[in-house]
Structures are given as C-alpha cells and as structure tokens.
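Just below is one structure, and these are the notes that go with it.
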Amino acid sequence: MKKNEIYRAEVTGFTSEGLGVCRVDGCAVFVPNAAPDEEYELRITHVGKNAAHGKIEKILRRSPERINRRCPYAKQCGGCEFWHLTYEVETQIKKQRVLDALNRIGGQNLNDLPITPAPTCESYRNKALYPVAAGKKGLVAGFYKKGTHEVVPIDRCFILPECADRAVAAVLAWAKQAKVSAYDETTHTGLLRHIFVRHAEMTKQVMVCLVVTRDEIPKKELLLSLLQENVKGLASVAVNVNPRRGNAVLGDTTRIVWGKDAIEDVLCGLRFRISPRSFYQVNRTQAEKLYEKALEAADLHGTERVLDLYCGTGTITLCLAKRAKSVIGVELIEAAIQDAKKNARRNGIENARFFCADAGEAAKKLAQENELPDVIVVDPPRKGLSADVIEAIAQMSPTRVVYVSCDPATLARDLRLLEERGYQLKRAEALDLFPRCAHIETVCLLSRQ
Ligand code: SAH
C-alpha cells in the first residue's frame, strides 16, 4: 500500500474513535466519515506500522444511513464523529463496540446487549471547553480540528445549549475591547487560553470560567456586564490560572470573580453543587438513567454497607445512600470531595462519608482495616481500575461489584481480571450519554461466585 494512491475497499467495522475500518492488502485503513457497509475509492493519507489512514475519494456503494450533516463544522471539527449518520446506526455502532470489547478483550460470550439511546442529540452537553486562538479579526474560539491544535471557530455548536455559545461571544467581544491576547502554545505567550462554560440544566444556572496564563482580567467590569447582558442565568464567573505548557486545560488555582463559587443542578431528585474543578456527567438526562441502572444493579435493601470508588461530587454515592445502611465515597480531587460533603448535608443525607484519596490506596487501607462492604461501585476514568483497586476488591470480597465505565476496552480488561478473582459478569448494559461523539457508557453487574 502506498501513500496518496487510490484503492477500492469496503467498511468492515469501526474503531473506538468512530473511524471506519477498511482493508487494503490485508492491512487496516482507518477512514473518517465512514458508514457501515459502504464501499469506496480511498486515498491513502498515511501509512503506519500497524495501520494506515485514508480518506474517501468516491463513494461506490452508499449507505441508506448516510444523512446530510446538521452541523456545518462537523467535517473539520474534532468534537463529534457521527453527524453524517442516522442516530439509529450510531447507537448500533456503539453497541457493537461494547460487545466486541467485552467478547474479544473481556473473554465474554455475549450475543447481544441492551443499549439506551439518548432522547435527543442536541443541546444535551452541559459543559464546554473552547480553546481560544488569534484570528485575522481578533480572537476566535471553537474546537480543535481533528488531530490538530488548530482552532475551528464555531458560532453555534448543536450539542451545547445556546447559552454556551452566547457566553463565548460575550467573552470574545470583551477580549476585543480589552485588547486581550490569545495564548499561543508554540511561543508560550498570550493571556486567554480557554473559555470554560457549565450549564445546570434544571436550575438554568451558568458558570463561565476563563482559563488564563496569569491572574489578570483587564476591564473586568466590561467582561461582567457583557456576560450579564448576554447570558441568561449567569450565576458564577471564575478565572482559572494555568501558566504551564502542555495539554492540561485547567491549572491548579481557580478564583471566583463574580457570583457563586459553584452552580447547582438537580439529579435523581437530589441537589448537587458543581464547582469548576469537579466532575459532573455532561449529559444530565442520560446520567439519571445511568445512575438508576447502577442502583438497580446494586440491589440495595437498606441493610448494606456500600463503597463508591471514584465518587466525584458524590452523585452515585448519595443515590446509593438513600437505599443502603451506609456508604463511603472515595475521590482524588479535593474540591470534588468538598462538594460531595456539602451535597450530603444539603440533601439531609447522614449515612455517607467521604474521603479524598487515590482509589487504590483508600481501598487497600479499608481492606486492611477490615472494612468489608457488601457492594462496591466503581466509576473510574478511561484508564480503568488500577491493579491495587482490583486486589483490594478481591480482598474485601463484596457480594456484588457494579462497574460504571466510560471505556469499553479497559472495562473488558478489568472484567477479565475480576473474573480471575471470582467475580462473574451477570449483566452488561450500554447507555449513550454522548450522541454524535464516539464515547459510550456501560454499566456492569458482577457477582461473587
Ligand atoms: N461517579 C462520579 C464521578 C465519575 S468520573 C459521577 O458519576 O459523577 C471519575 C472520577 O474519578 C473523577 O471525579 C476523577 O476525579 C476521579 N479519579 C480519577 N483518578 C482517581 C483515583 N486514582 N482515585 C480516586 N479518584 C480518581
């Protein structure tokens, strides 16, 4: 296979990033904007060691699932992958991805798996991080072009609520008048790096946080009045200072410039504080369903002791607390644990305790102290469980483990490791929290044999 040459190939599957997989001379070629069962003339754009990349030159066989993209930026913007497909086929691709991971990596033997699609593909995302760059006529904000750090300026992002776009427009108008410079990562100069917006769907509160290289807001009053004029529900304005090079968006210090130190949302009938650094599921409506599934799998009757590892602001923990004897939540980010404690108090929940610690270390310590939960819930980041968490779970030997996962591959790897320690997969279910994007959530119930 040669770069820039054209080959004929069919789509045989999809990668976890949502790229189509085609085969040329027995080698996998990853193709953006592909649809199931289509056939193409492909131009090879890159030949790597294990796989190649290509782009569609001509569609020789067109899928009836291919649609006109609603989002005009979709082809360039690296934010979403599936605007060119019907949502039905997108959920099928996601379901297949979870099935393949659980069977191939996890050693399971599943024929099918339930998937809960999202009720809407639009305006569902309550959090946005827009990178800022210098444009020809002032600063621009948008999202990175696929595979680059080049900003595609975006006026309206359909997966975000309109208040997010309005907040960005207000910040850019301020930047122009206040002569604020955009951060340039190649020269490591400039002030404004990202515009971070959060929206609480139920209370309609909005938080706008400017990520800057130094704690400096020129013409602050102008910024505040532009935001107040243009963003209904504005509840909090913050700055986060990130002086470092590298890809981490947020720095260590956050300061409230105006309004509240956190916004509040309602989830599963409980009220949650969300401060700038705390994790909060980006799709509230689907998160409620996700937590209901996790709760159902935990099967609590008011007598159980429960451990919730990777608890964030205590969202799952507090839902569990209502049906358990007691719950312990463990989380690495101190601000999230502070939120979790306040959330427990705010909701009148007295049987939940929270610890700020690494999940592995906390689990090991609890196991040594003979703290033996009946049920353990885990909801780790994409890299999955660390070896010491798996060890500690085996040592604590709960009756059930509920695994909430945002990465089917690491979930599958961990299921195999937990199976080796006597935990059998009883149920797996996928839920789509990220329509138009390649991510997918899975909830699994494992039982001790
Ligand atoms: N269950 C929560 C949060 C899930 S996201 C919810 O649904 O809202 C995963 C969380 O794990 C994040 O809050 C992250 O800060 C936390 N985390 C990441 N690494 C961790 C570690 N090593 N130990 C404990 N928590 C960790």
Side-chain angles (χ1 to χ4, degrees), residues 125-127 198 200-202 248-250 252 254 262-298 306-321 324 327-344 347 349 352-367 375-393 401-407 410-411 414 431 433-434 439-444:
R125 224 190 125 90
N126 58 34
K127 173 183 162 182
R198 267 183 152 168
E201 199 184 308
M202 297 303 275
V249 173
L250 295 179
D252 298 331
T254 306
I263 54 172
E264 258 194 1
D265 206 3
V266 181
L267 192 63
C268 300
L270 298 168
R271 283 187 93 87
F272 289 98
R273 275 174 58 86
I274 311 153
S275 54
R277 288 308 302 269
S278 297
F279 177 90
Y280 186 63
Q281 284 288 2
V282 298
N283 186 335
R284 198 206 65 88
T285 307
Q286 287 295 86
E288 269 190 346
K289 291 183 204 157
L290 178 74
Y291 296 161
E292 276 162 22
K293 302 269 180 207
L295 222 59
E296 205 179 290
V306 184
L307 174 61
D308 181 21
L309 295 174
Y310 311 89
C311 71
T313 57
T315 43
I316 300 180
T317 333
L318 298 183
C319 292
L320 293 162
V327 196
I328 296 177
V330 175
E331 158 67 42
L332 192 60
I333 304 285
E334 176 64 37
I337 281 294
Q338 292 308 327
D339 283 352
K341 287 179 179 166
K342 287 181 189 153
N343 287 335
N347 291 287
I349 290 173
R353 282 183 294 154
F354 291 95
F355 297 109
C356 180
D358 167 70
E361 282 166 23
K364 204 155 73 187
K365 196 158 160 264
L366 290 169
V375 178
I376 297 183
V377 178
V378 295
D379 183 8
R382 268 180 236 161
K383 64 178 181 217
L385 302 179
S386 55
D388 48 352
V389 171
I390 298 207
E391 262 336 300
I393 291 176
V401 174
V402 179
Y403 195 137
V404 181
S405 160
C406 54
D407 188 313
T410 57
L411 165 69
D414 293 342
L431 287 98
L433 271 69
F434 313 100
H439 300 298
I440 182 77
E441 291 276 324
T442 313
V443 182
C444 288

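For ligands, and for the atoms within them, numbers begin at 1 and follow the listed sequence. Only heavy atoms go into these numbers, but all of them, side chains included; no hydrogens, no water, no symmetry mates.
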**Message:** Does Leu385 form a side-chain contact (heavy atoms from CB on, under 4.5 Å) with Leu309? I'd like the steps, not just the answer.
**Reply:** CA-CA 10 Å; Leu385 302 179; Leu309 295 174; over 6 Å; no
Please produce the table of protein N or O atoms sitting under 3.5 Å from N or O atoms belonging to ligand 1, one pair a line, distance to 0.1 Å.
residue: ligand 1; atom: 1 (N); partner: Tyr310; partner atom: O; Å: 3.1
residue: ligand 1; atom: 1 (N); partner: Asp379; partner atom: OD2; Å: 2.9
residue: ligand 1; atom: 7 (O); partner: Tyr291; partner atom: OH; Å: 2.6
residue: ligand 1; atom: 7 (O); partner: Asp379; partner atom: OD2; Å: 3.1
residue: ligand 1; atom: 8 (O); partner: Tyr291; partner atom: OH; Å: 3.2
residue: ligand 1; atom: 8 (O); partner: Thr315; partner atom: OG1; Å: 2.9
residue: ligand 1; atom: 13 (O); partner: Glu331; partner atom: OE1; Å: 2.7
residue: ligand 1; atom: 13 (O); partner: Glu331; partner atom: OE2; Å: 3.4
residue: ligand 1; atom: 15 (O); partner: Glu331; partner atom: OE2; Å: 2.6
residue: ligand 1; atom: 22 (N); partner: Asp358; partner atom: OD1; Å: 2.7
residue: ligand 1; atom: 23 (N); partner: Ala359; partner atom: N; Å: 2.8
residue: ligand 1; atom: 25 (N); partner: Leu332; partner atom: N; Å: 3.2

**Request:** Answer yes or no: is there a donor N or O on one side and an acceptor on the other, between the side chain of Asn126 and the main chain of Val282, under 3.5 Å?
**Result:** yes
**Message:** Is it the case that the side chain of Arg277 and the backbone of Asp252 share a donor-acceptor pair, with hydrogens and angles ignored and the cut-off at 3.5 Å?
**Reply:** no
**Prompt:** Does a side-chain N-to-carboxylate-O contact under 4.0 Å join Lys365 and Glu361?
**Reply:** no
**Prompt:** More than 12 non-hydrogen atoms from neighbouring residues, nucleotides or ligands closer than 6.0 Å to NZ on Lys342, yes or no?
**Reply:** yes
**Item:** Considering all heavy atoms, the nearest Asp379-Gln281 contact
**Value:** OD2-NE2, 4.3 Å
